[in-house]
Each structure stands twice: as structure tokens, then as C-alpha cells.
Amino acid sequence: MSRVRKAVIPAAGFGTRFLPATKAQPKEMLPIIDTPTIQYVVQEAVDSGIDDILIISGKGKRAIEDHFDRNFELEASLQNSKQKENSLNEVRRIADMANIHFIRQKEVNGLGDAIYQARMHTGSEPFVVMLGDTIIDSVIPVTQQLIDVYEQYQQTVIAVETVPKEKVSRYGIVGGTKLSESIMRVMELVEKPDIDKAPSNLAIAGRYILTPEIYKAIEKTPKGVNNEIQLTDAMRILSTRENIYSHTIEGVRYDIGNKLDYLKTIVEFALKRKEFSVQFREFLEEIIRTNQIVNN
Ligand code: G1P
């Protein structure tokens, strides 16, 4: 049985929903308080036993490379300060988290095309795809949950979650036959369908285990939604040749590519941080209380 050892993190998009913040910095570097989004994604891979990570980057994404590299000047300066020991350890830890490789997608041409850039790196092995703007908070890392399902079926597994009907047109949506409480054999896949054309309200949640077969399917995939090569369309082509399974995730998904969700993520993560959760909660309560008075 081939084990899942590699992760591919596509991070080449323009991040247009976050302009102007993303004019000169990648959206994957947007911080949740003090930690860039992509660091949470890399941590999830590492926590799932994966230490070979390929990041598909593009124009203006150098900050991601620098973030996972050593920074000797910074380390030297932290070393001279007694109070900065924790920061020094953290800065060093990030550079040693995993073996991180980079490849550039030369033109922004959709998620399917971004994944296609990974074919030489992943070779004949299965691999996990983790979207660089999605954090999933869970007891068992979602990538580990998918690996467990993959080990059972040895075929493509897609992480999904139920979304409200009015949001289906934002996502890739799957439909199929339920095999257990959380697993479904996928028969239909549609990228960003209209509400009345969606096969269900199970949305693709930003994590996938793919096999090398996906590359042949991507080669046959015409441009789809937004005039881009969509991974969902490639998986639909693949589904005519082999079984695809979905796994309903156990965890909370945070979509950093969406402004309101980004804001909610920061608030929730701040409330979980011991060093300021009490003060921050008081601050939020105060704002809500005084706003109510103004509104009355
Ligand atoms: C991408 C995928 C979509 C998936 C979504 C999850 O869309 O194409 O199938 O449901 O991520 O976040 P995007 O958010 O890049 O438009």
C-alpha cells in the first residue's frame, strides 16, 4: 500500500478579495494575530505525519519562502536579548518544521492547473492537497482524518462539510451515495453551482487526497468557472474511471479567503489565547454593551 507522505499547498492566487492588503503580500501570509495562515496549514500537515511539503507559489509570494527559511540576522538579534528567548525558539522552529519545497505557477490559471505543477514532485505517490487559505481546527487533524479514509479505500478522498443552501454557489459541491455516517461514494461534482443545480449542500472543504491519476484528468479538463481549470471538474472526469469518496470533516473550518470569516477567525482565536482572552472578552462585551446603548 502506498502511504501518503507528501502535501501540496497551492498558494499562487492573486488574493483579489483582500486587496489592497494583498497587493504586495500573499493572502496566505495574512496573520491570525501573530501567526500567518499558511503556518497553521503546514502545522496540520506535520501533525498528520507529513514532512514533505510542496508549496505552489507565484508572483509576489517570496514572503512565504522567507517565512519558512532561516533568518540569521534576526536570530542573532534575538539571541542578544534575554527576554526574547521564546521568540528565538519559535523563529527557529518554523524553519525546521518540515522539508518545504517551492515551485512557481507561471500564470494564474485555476486550482486544477496549480495542482498540475506538482506532478514531478509527487511522482507515482498519493498526496494531500491543502488549500493555503483554509484553517481547520479539530482534535484529529483533518489531513489525518482523510489519510485514515484513504488507507481504507486507496482512492481519491475529498473533505466536505455541510453548508447552508444559500452558500452552495461559493463552493465545489458533491453528491452521491452514503456509505456511513461520514463517508459517501461521490457520483456528482460541480464547481460553484447555482442553488437550483446543486446536487446537495455538501461543500468541498479545502483538503483532498489525490492519486497520480488526477494529472491525466487535469490534462483533459477544459476551462470552467471563472475561465480557469478547476480541480472539481478534473475530479468529475476522474470519477468516470475510478471511485471517489468524500469524508465529512470533524472540525471547524475557517475560510481566510473571505473577509467576514477572516475577522471571525481572529476573534475566535483571540478568545482562545490565554495571555489576553480575559481582557479581550471584557473588551468585546464592553463594545457590544455600549453599542446597544447607542442603538436604543
Ligand atoms: C476552492 C475550490 C472549491 C472549494 C473551495 C473551498 O474554491 O475550487 O471547490 O469548495 O476552494 O474553500 P475558491 O475558494 O478558491 O474559489
Side-chain angles (χ1 to χ4, degrees), residues 7-17 54 56 58 103-122 126-134 142 146 149-150 153 155-163 165 167-177 183-249 253 255 257-258:
V8 174
I9 304 181
F14 284 133
T16 45
R17 278 179 285 190
L54 177 69
I56 317 285
I103 192 164
R104 280 166 77 102
Q105 184 187 24
K106 296 194 181 58
E107 69 182 294
V108 176
N109 199 11
L111 184 56
D113 183 66
I115 300 304
Y116 192 67
Q117 312 306 316
R119 65 197 182 284
M120 302 297 258
H121 188 84
T122 58
F127 56 97
V128 56
V129 168
M130 312 173 78
L131 300 194
D133 60 2
T134 301
V142 165
L146 291 188
V149 180
Y150 176 81
Y153 295 101
Q155 267 165 334
T156 305
V157 188
I158 310 171
V160 295
E161 71 166 358
T162 308
V163 295
K165 197 113 190 96
K167 289 192 179 164
V168 293
S169 57
R170 287 194 199 172
Y171 296 101
I173 302 292
V174 299
T177 318
I183 299 173
M184 188 173 78
R185 159 99 196 273
V186 175
M187 312 298 250
E188 289 175 87
L189 298 112
V190 198
E191 182 65 17
K192 302 190 173 56
D194 293 338
I195 294 189
D196 52 337
K197 298 219 175 71
S200 75
N201 57 345
L202 276 181
I204 299 175
R207 301 286 185 271
Y208 318 70
I209 294 197
L210 300 175
T211 67
E213 296 301 310
I214 194 67
Y215 297 122
K216 284 178 224 145
I218 294 172
E219 282 168 9
K220 292 188 201 130
T221 305
K223 288 186 174 179
V225 172
N226 295 337
N227 207 26
E228 290 179 339
I229 298 180
Q230 297 293 344
L231 182 60
T232 306
D233 294 341
M235 290 190 296
R236 187 174 54 249
I237 291 176
L238 184 63
S239 70
T240 60
R241 299 187 39 214
E242 56 177 62
N243 292 353
I244 292 184
Y245 299 90
S246 68
H247 163 72
T248 303
I249 61 170
R253 192 177 67 91
D255 181 0
N258 167 307

Heavy atoms from other residues, nucleotides or ligands near NZ of K165 exceed 12 (cutoff 6.0 Å): yes
Interatomic distance, L210 atom CG to M235 atom CE [nearest 0.5 angstrom]: 7.0 Å
Check: M184 and L202 side chains under 4.5 Å, non-hydrogen atoms: yes
Closest contact, heavy atoms only, P199 versus V174: CG-C, 4.1 Å
K223/N109 under side-chain contact (heavy atoms from CB on, under 4.5 Å): CA gap, chis, key distance, verdict: CA-CA 9 Å; K223 288 186 174 179; N109 199 11; 3.6 Å; yes
Gap between atom CG of N258 and atom NZ of K167 - 0.5 Å precision: 7.5 Å
Straight-line distance of R207 CZ to I158 CD1, nearest 0.5 Å: 14.0 Å
side-chain contact (heavy atoms from CB on, under 4.5 Å) partner of Y208, chosen from V8, L231, I214: L231
Nearest-0.5 Å distance, CZ of residue R104 to CD of residue Q117: 12.0 Å
Any side-chain heavy-atom pair of Y215 and T122 under 4.5 Å: yes
Where I9 and G132 come nearest, the two heavy atoms and their spacing: CG2-CA, 3.7 Å
Between CG on residue L238 and NZ on residue K220, distance to nearest 0.5 Å: 9.0 Å
Main-chain N/O of T162 paired to N201 side chain as donor or acceptor, under 3.5 Å: no
Criterion side-chain contact (heavy atoms from CB on, under 4.5 Å) on R185 and Y245, from CA distance to verdict: CA-CA 5 Å; R185 159 99 196 273; Y245 299 90; 4.2 Å; yes
Min side-chain heavy-atom separation I115-F127 under 4.5 Å: yes
E219 versus Y116, side-chain donor and acceptor atoms under 3.5 Å: yes
Within-4.5 Å side-chain heavy-atom neighbours: L111 and E228: no
Over all atoms of both residues, closest heavy-atom pair of P10 and L131: CG-CD2, 3.7 Å
Heavy-atom pair of closest approach, residues T221 and Q230: CG2-O, 3.9 Å
Worked check of side-chain contact (heavy atoms from CB on, under 4.5 Å) between N243 and Y153: CA-CA 9 Å; N243 292 353; Y153 295 101; over 6 Å; no
Heavy-atom closest pair, residues D233 and G224: OD2-CA, 3.8 Å
Evaluation steps, side-chain contact (heavy atoms from CB on, under 4.5 Å), between T134 and R253: CA-CA 7 Å; T134 301; R253 192 177 67 91; 3.5 Å; yes
Least distance between heavy atoms, Q105 atom then A12 atom: OE1-CB, 3.2 Å
Interatomic distance, I173 atom CD1 to T232 atom OG1 [nearest 0.5 angstrom]: 9.0 Å
